[in-house]
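Heads up: the structure comes next, in structure tokens.
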Amino acid sequence: MIWNIHPYYLGVRVIKLRDIRTKLIAFKEQLEHKVFHPYLLNYIQTPMVDEDKLLLLISILDQLELSGKEMKNYALPTMLVQIALDTHENVSNQDASEQDDTQLQSRQLTVLAGDYYSGLYYALLAEIDDILMIRALSKGIKEINEHKMSVYHKDFEGIEKLMASIKTIEGSLICRLSDYFHAGGWGELAADLLFVKRLLNEKAQYLQAGTSILFDALKKAAFPKNELKSKDISKEQQCYLLLVCDKYIEYTKGLIEKGMKQIPYLNEVLEQRIADILSQHQPHAKTFVEEG
């Protein structure tokens, strides 16, 4: 109970809380300074810094008691390559012949922006004398690209393999960095949390638009003989897809709750963010059918 905690430890906890928030703000500002190129921003979507991934990275590195420079050396390149991967993912799949000049220019610049962010990543890595860490991140990048190809081209065997690919896409970079530092259960906790966050976002998009990358792939895995778009399948089939998604979310929530207990010290900022993400889950399968 809180009144049994010595004031000294309360002070340390408050300082640590502020420290994590300060680092999160500082690293985000440094990332934005690097990626917010004035010319590119006139033509492409503003690159997003995934604060949850940044918070997980900072939390892991903070446990290792690294210096500020060391944390920067590991956190910034990892996040830059994540932004590069995310930017390339935003490239339109529309046939170039169907795009006007403005759309085509935006598409080309989005590709170049991703390459530019990758260049920043390699430039920072060149300053780090840590070949093993570079290899670890390179392996993570390779895994992400391979699994993205599998998901986007719907080249997988069954729902379980599809979900495993989504989890790898979301968590591979942080997992590889965590494994490199032998950081206990941090890698799995991060992968599980980011997996749930992705499922929640995909489900929200599907409920709003009737389509999403995950649900389009999930439809093919669940109903391989049905070549229609997700929004054209029956209400019962749509309900089934939502039910599958909900079950994976529920199961992974249990893994997250177990994983949190295995971390020696979980800072309050991350602990609250985990609670916020998990609280977003509201099963929709039953109400979806009833409303239909």
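Ion pairing of D50 with K197 is present here, as a side-chain N (NZ or NE/NH1/NH2) and a carboxylate O approach within less than 4.0 Å.
Residue I58 holds its CD1 atom at 12.0 Å from CG of L66, rounded to the nearest 0.5 Å.
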Check the pair L137, M133 against side-chain contact (heavy atoms from CB on, under 4.5 Å), reporting the backbone distance first and the verdict last. CA-CA 6 Å; L137 288 181; M133 189 278 287; 3.4 Å; yes
How far apart are the C-alpha atoms of L56 and L189, what are their side-chain angles, what is the distance that settles it, and do they pass the side-chain contact (heavy atoms from CB on, under 4.5 Å) test? CA-CA 9 Å; L56 284 163; L189 176 63; 5.5 Å; no
Could you walk me through whether D62 and N267 pass side-chain contact (heavy atoms from CB on, under 4.5 Å), step by step? CA-CA 10 Å; D62 190 63; N267 66 74; 5.9 Å; no
Audit row: T168, E143, side-chain hydrogen bond (donor to acceptor under 3.5 Å, both in side chains) steps and yes/no: CA-CA 7 Å; T168 298; E143 287 177 338; over 6 Å; no
Under the side-chain contact (heavy atoms from CB on, under 4.5 Å) criterion, do L270 and I274 qualify, and how do the steps go? CA-CA 6 Å; L270 179 57; I274 292 173; 4.0 Å; yes
Test side-chain hydrogen bond (donor to acceptor under 3.5 Å, both in side chains) applied to T211 and D216, step by step: CA-CA 6 Å; T211 184; D216 289 346; 2.8 Å; yes
Would you check, one step at a time, whether the test side-chain hydrogen bond (donor to acceptor under 3.5 Å, both in side chains) holds for Q82 with D86? CA-CA 6 Å; Q82 183 67 63; D86 293 342; 3.1 Å; yes
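Scored by the side chain to side chain donor-acceptor pair (under 3.5 Å) test, E146 finds K142 as partners (sequence neighbours excluded). In this view, Q272 and D276 satisfy the side chain to side chain donor-acceptor pair (under 3.5 Å) rule, not counting sequence neighbours. Residues passing the side-chain contact (heavy atoms from CB on, under 4.5 Å) test with A222, sequence neighbours excluded: I159, Y240, L241. Looking at residues two or more places apart in sequence or on another chain, you find a side-chain contact (heavy atoms from CB on, under 4.5 Å) between Y152 and E89, K148, I213. Not counting sequence neighbours, the partners of Q30 by the side-chain contact (heavy atoms from CB on, under 4.5 Å) test are A26, F27, K72, L76. By the side-chain contact (heavy atoms from CB on, under 4.5 Å) test, C245 is found to be paired with L199, K203, F215, I249, residues two or more places apart in sequence or in another chain being considered. Taking the side chain to side chain donor-acceptor pair (under 3.5 Å) definition, one finds that E51 meets it with K28, sequence neighbours left out.
A side-chain donor-acceptor contact under 3.5 Å links Q238 to the backbone of I233. Between the side chain of Q205 and the main chain of S212, no donor-acceptor pair closer than 3.5 Å is present. The backbone N or O of L55 lies less than 3.5 Å from a partner atom in the side chain of S59, making a donor-acceptor pair. Here the side chain of E70 pairs a donor or acceptor atom with the backbone of S67 at under 3.5 angstrom.
For residues 151-160, no residue pair satisfies the salt bridge (charged side-chain N to carboxylate O under 4.0 Å, His left out) rule, not counting sequence neighbours. Residue pairs meeting the salt bridge (charged side-chain N to carboxylate O under 4.0 Å, His left out) criterion with at least one partner in residues 181-190, sequence neighbours excluded, are K167-E188. Within the structure, the salt bridge (charged side-chain N to carboxylate O under 4.0 Å, His left out) test picks out no pair touching residues 249-263 (sequence neighbours left out). Applying the ring-ring contact (aromatic ring centres under 6.0 Å, His included) test to every pair with at least one member in residues 63-85, sequence neighbours left out, gives these pairs: Y74-F181.
Annotation for I25: hydrophobic cluster partners, listed by chain and number, are none (ILVMFWY side-chain heavy atoms under 4.5 Å, direct or chained).
Contact of the I169 side chain with the R198 side chain is registered, since non-hydrogen atoms from C-beta on lie closer than 4.5 Å.
M48 and I144 fall into different hydrophobic clusters, defined by Ile, Leu, Val, Met, Phe, Trp and Tyr side-chain heavy atoms under 4.5 Å apart, directly or through other members. In the hydrophobic clustering of this structure, L194 does not group with L255; members are Ile, Leu, Val, Met, Phe, Trp, Tyr whose side-chain heavy atoms approach within less than 4.5 Å, directly or through other members. Placement of F36 and V49 within a single hydrophobic cluster is found when ILVMFWY residues are connected by side-chain heavy-atom separations under 4.5 Å, directly or transitively. In the hydrophobic cluster analysis, where Ile, Leu, Val, Met, Phe, Trp and Tyr join through side-chain heavy atoms closer than 4.5 angstrom, L207 is grouped together with I166. Note on L173 and M149: separate hydrophobic clusters, where clusters join Ile, Leu, Val, Met, Phe, Trp and Tyr whose side-chain heavy atoms are under 4.5 Å apart, directly or indirectly.
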